[in-house]
Amino acid sequence: MPNAFNFSASPFDCLSTDEQALVRSNVDIAYFQPQAVVLEVGAETTHLFVIIKGYVTQMDGDEVQATFGPDDCFDGRSLVAGRASSRFVAAEEVLVYQLARATVQELIARNATFGALLFSDLGNKLSALAQRAEEHETQSLLMARVDQAYLRPAHTVPASASIVQVAQVFKDQRTTSVLVEDPSRGAQGLGIFTATSLQHAVLDGRPLDRLPVGDLAVYPVVTVQASDTIGDAMAVLLRARVHRVVVVDEAGQVQGLLRALDLFSFVANQSHLVGVQIEQASTLEDLQHAAALITQLIAALHRGGMRIGLMTRLVQQLNTRLFERAWGMIAPSDLQANSCLFVMGSEGRGEQLLKTDQDNGLLLRDGYQPPHNLAEICQQFSDALARFGYPECPGRIMLNNPAWRGTVKEFTQRLKRWLLVPEGADDLMHLGIFLDALAVAGDAHLLTQVRDNLQAFTLDSDVQVARFAAAVDAFGSPASWWGRLLGRDGTEQVNLKKAGLFPIVHGVRSLALAQGIGATSTAERLDALVAQQVLDPKLGQELQESLYFLMGLRLQAGLHEWALHRPISGNVDPSTLSSLERDLLKDTLAVVKRFKAVLHQRLRLDLV
């Protein structure tokens, strides 16, 4: 066969030189006229087809299941099964390569990755993709184990040791910290005393040779497992706001100390610098500079191969601290103590990477009289976030809008109305956004109160949940996006949020609402839904994988726009996708379709 066969397209890009030669010697070319049936339901499948020119539509009855274009192959699954389960029709003149079943079976026997990419489900395809990237992942230091980093020796002293004795240990061992054992504290009896703590000891006033170190040690220590990844340890450091963690093995035995500077020197990226700049900022201008570094950090982490789930957790921690510090510089202390600043949407779910619209609000304690210039304070905060790179929300879902600030009682009443007697789609959208709320500053208990009040509401009928969930159909069926994906409808862009992210996020959110699940992230909601047997474990896993895959594609496109100094649109140009990415995107859209069918059945969306 001609040398023109495209071995850079998936799944053929994983073949060895000998395997490519096998393809060339066993492939033929076939032609189909428009509307010709390439494969009929129940027909014996004898070949794998690879499209050279034209488009083929996969049909289930009268419904379009998928569309295949140049460099796409079909139908590997029915080839393995022996019979076609769908009808494949030429949408126009089609030219294809045909690879006989025996040749395909030999390739599968030789190359497990080829087989996985050819006919497996989404989870196995992504696993195969991860195996292909294993060398790159290993080189990414963020994926290394904690015990591969430099661990400093852990020196331990009893809680009764004096500060003078500890200072001697510092000098003799050339260390700046010791672990302190206090058996009287039980399971939390391991603390830490550092060189910084010496300042507190001097200011304490008691003679240092008679001052027990246990009185000033910090209990309990923050720990990570030796088998955790460096990325996981970074998340712990940011969340706990400490400069060192204790590394323990599976049995809980101390292996050593991991200092922040050692960790971040090991991974050699700017995440520690970002965190330090946020903590040390004294003005909003300082915070603005730190905010700009967050996008640079995301780009570096993405190039390094960091998992999307871990990346979102790190970014959420940095953003949360950024918002908290900004609010602390703007709001008076009395307002901070009697309010709760919260974020919503993807930021609240911990699924935000690149900066998008502000979605935030302000809860006030019942009976508290806020400052007379509260509106001005809130506007200052919204303006600060805009300077940080977070544009104003077009729908004004921001705390500078009076509708998104109020007391616990007021918000409870709004939620009750949005849930039980919504006045149009906006109320339901507002409810969905609030369900993802995350406290970032002030008294988080105020948000907990509102959540508890929401859970106490009793739904009168399934119609209310169905009305809320019906928005999953707002952007059409997944099949309607295949034409855009293949560039057949004249448009170049695919909006991944509309095509897949929103149906997954809102569908899972709707099921969580129906089941009274209080988790805010999609991953936690999926885990809870699977645990309650609301979702099949396989579907739950596929939805999580689809979510992260779509987020990764969207991040990749957004970083490209950012590098070109263009507004981040959230759209993807199909021409920039590899054949494997396009294949996986089709699989994720198929998962979305199945999930929507489950939603229609479980939540009786036909009642709406």
(message) Go through it in stages, so that I can follow the logic: the residues are Leu354 and Thr295, the test is side-chain contact (heavy atoms from CB on, under 4.5 Å), and I'd like the CA-CA distance, side-chain angles, deciding distance and then a yes or no.
(response) CA-CA 7 Å; Leu354 298 179; Thr295 303; 4.1 Å; yes
(request) For the residue pair Gln544 and Tyr548, establish whether any side-chain heavy-atom pair is separated by less than 4.5 Å. (result) yes
(request) Considering only NZ, NE, NH1 and NH2 on the basic side and carboxylate oxygens on the acidic side, decide whether Asp72 and Lys586 come within less than 4.0 Å. (result) yes
(request) Using atom types as modelled and distance alone, determine if a side-chain donor or acceptor of Asn319 lies under 3.5 Å from a backbone N or O of Gln316. (result) no
(message) Are Leu501 and Arg554 packed together at the side-chain level, in the sense that at least one heavy-atom pair is separated by less than 4.5 angstrom?
(response) yes
(message) Please tell me whether Tyr31 and Glu93 have a donor and an acceptor in their side chains that are separated by less than 3.5 angstrom.
(response) yes
(message) Keeping Arg83 on the side-chain end and Val41 on the backbone end, is there a donor-acceptor pair under 3.5 Å?
(response) no
(message) Any heavy-atom pair between the side chains of Ile298 and Val315 that's under 4.5 Å?
(response) yes
(request) Inspect the contact between Glu542 and Arg594 and indicate whether a charged nitrogen and a carboxylate oxygen are less than 4.0 angstrom apart. (result) yes
(message) With heavy-atom distances below 4.5 Å as the criterion, would you say the side chains of Phe549 and Ile308 are in contact?
(response) no
(message) Between Gln352 and Thr356, is the side-chain hydrogen bond (donor to acceptor under 3.5 Å, both in side chains) condition met? List the steps.
(response) CA-CA 8 Å; Gln352 182 64 57; Thr356 57; 2.9 Å; yes
(message) For a quick check under 3.5 Å, do Glu19 and Asn111 share a side-chain donor-acceptor pair by atom type?
(response) yes
(message) Quick check against the 3.5 Å criterion: does Gln255 have a side-chain atom that pairs as donor or acceptor with the backbone of Ala226?
(response) no
(message) What's the separation between atom CD1 in Ile294 and atom CZ in Phe388, rounded to the nearest 0.5 Å?
(response) 9.5 Å
(message) Would you say that Ser86 contacts Leu39 through its side chain, given a criterion of any heavy-atom pair below 4.5 Å between the two side chains?
(response) no
(request) Return the minimal non-hydrogen interatomic distance between Pro11 and Cys73, and the atom names on each side. (result) CD-SG, 3.7 Å
(message) Does Val94 form a side-chain contact (heavy atoms from CB on, under 4.5 Å) with Tyr55? I'd like the steps, not just the answer.
(response) CA-CA 6 Å; Val94 172; Tyr55 295 90; 5.8 Å; no
(request) Indicate the atoms forming the closest heavy-atom contact of Leu258 with Ala233, along with that distance. (result) CD2-CB, 4.3 Å
(request) Please report the closest heavy-atom contact between Ala91 and Thr57, naming both atoms and the distance. (result) CB-OG1, 3.9 Å
(message) Quick check for you: to the nearest 0.5 Å, what is the distance between Tyr97 atom OH and Asn26 atom CG?
(response) 14.5 Å
(request) Mark yes or no for whether Arg602, through its side chain, and Leu511, through its backbone, hold a donor-acceptor pair below 3.5 Å. (result) no
(message) Between Asp75 and Arg87, does any NZ, NE, NH1 or NH2 come within less than 4.0 Å of an OD or OE carboxylate oxygen?
(response) no
(message) Would you say Ser8 and Asn6 are linked by a side-chain donor-acceptor pair, where the criterion is simply a distance under 3.5 Å?
(response) yes
(request) Please confirm whether the backbone N or O of Val472 pairs with a side-chain atom of Lys596, one donor and one acceptor, at under 3.5 Å? (result) yes
(request) Please check if the side chain of Thr588 supplies one atom and the backbone of Leu585 the other of a donor-acceptor pair under 3.5 Å. (result) yes
(request) Could you tell me whether the side chain of Thr522 and the main chain of Val505 form a donor-acceptor pair under 3.5 Å? (result) no
(request) Mark yes or no for whether Lys355, through its side chain, and Ala291, through its backbone, hold a donor-acceptor pair below 3.5 Å. (result) yes
(request) Could you tell me which non-hydrogen atom of Gln98 sits nearest to which non-hydrogen atom of His47, and how far apart they are? (result) CB-CD2, 3.8 Å
(message) To the closest 0.5 Å, what do you measure between OG (Ser25) and CD (Gln20)?
(response) 12.0 Å
(request) Would you sort out whether His600 and Asp473 count as a side-chain hydrogen bond (donor to acceptor under 3.5 Å, both in side chains), showing the intermediate values? (result) CA-CA 10 Å; His600 275 263; Asp473 293 324; 2.9 Å; yes
(request) Determine whether Thr229 and Leu310 make a side-chain contact, defined as any pair of heavy atoms from C-beta on separated by less than 4.5 Å. (result) yes
(request) Kindly compute the distance separating CG (Leu48) from CG (Leu107), expressed to the nearest 0.5 Å. (result) 9.5 Å
(request) Taking atom types as modelled, find out whether Thr103 and Glu106 have a side-chain donor-acceptor pair closer than 3.5 angstrom. (result) no
(message) Between His506 and Phe468 (judged by ring centroids, cut-off 6.0 Å), do the two rings come close enough to count as a pair?
(response) yes
(message) Given 3.5 Å as the limit, does a donor-acceptor pair link the side chain of Asp228 with the main chain of Val224, or not?
(response) no
(request) Starting at CD of Glu545, measure out to CG of Leu550 and round the result to the nearest 0.5 Å. (result) 12.0 Å
(request) Using the test ring-ring contact (aromatic ring centres under 6.0 Å, His included), find all partners of Phe74 that sit at least two apart in sequence or belong to another chain. (result) Phe49, Phe68, Phe88
(request) Would you check, one step at a time, whether the test side-chain contact (heavy atoms from CB on, under 4.5 Å) holds for Leu438 with Glu347? (result) CA-CA 8 Å; Leu438 171 74; Glu347 190 71 65; over 6 Å; no
(request) Grab the two heavy atoms, one from Leu526 and one from Gly540, that are nearest each other, plus how far apart they are. (result) CD1-O, 3.9 Å
(request) State, without any angle test, whether Asp573 and His560 hold a side-chain donor-acceptor pair at a distance under 3.5 Å. (result) no
(request) Could you tell me whether Lys538 and Asp536 have a side-chain N and a carboxylate O separated by less than 4.0 Å? (result) no
(message) Quick check: closest heavy atoms across Ile568 and Glu561, and the distance to 0.1 Å?
(response) CA-OE1, 3.3 Å
(request) Give a yes or no answer on whether the side chain of Arg349 reaches the backbone of Thr520 with a donor-acceptor pair at less than 3.5 Å. (result) no
(message) Is it true that Glu351 and Ser346 share a donor-acceptor pair across their side chains at a distance under 3.5 Å?
(response) no
(message) Do Ser546 and Ile504 make a side-chain contact, defined as non-hydrogen atoms from C-beta onward lying under 4.5 Å apart?
(response) yes
(message) For Glu392, give me all partners under salt bridge (charged side-chain N to carboxylate O under 4.0 Å, His left out), at least two apart in sequence or on another chain.
(response) none
(message) Does this structure show an ion pair linking Asp232 with Arg313, if we count only N-O contacts that are shorter than 4.0 Å?
(response) yes
(request) Would you indicate whether the side-chain heavy atoms of Ser227 and Val146 approach each other to under 4.5 Å? (result) no
(request) Verify side-chain contact (heavy atoms from CB on, under 4.5 Å) between Met311 and Met551, making sure each step is shown before the conclusion. (result) CA-CA 11 Å; Met311 198 186 308; Met551 289 173 63; over 6 Å; no
(request) Please round to the nearest 0.5 Å and tell me the distance separating atom CG of Asn571 and atom CG of Leu496. (result) 8.0 Å
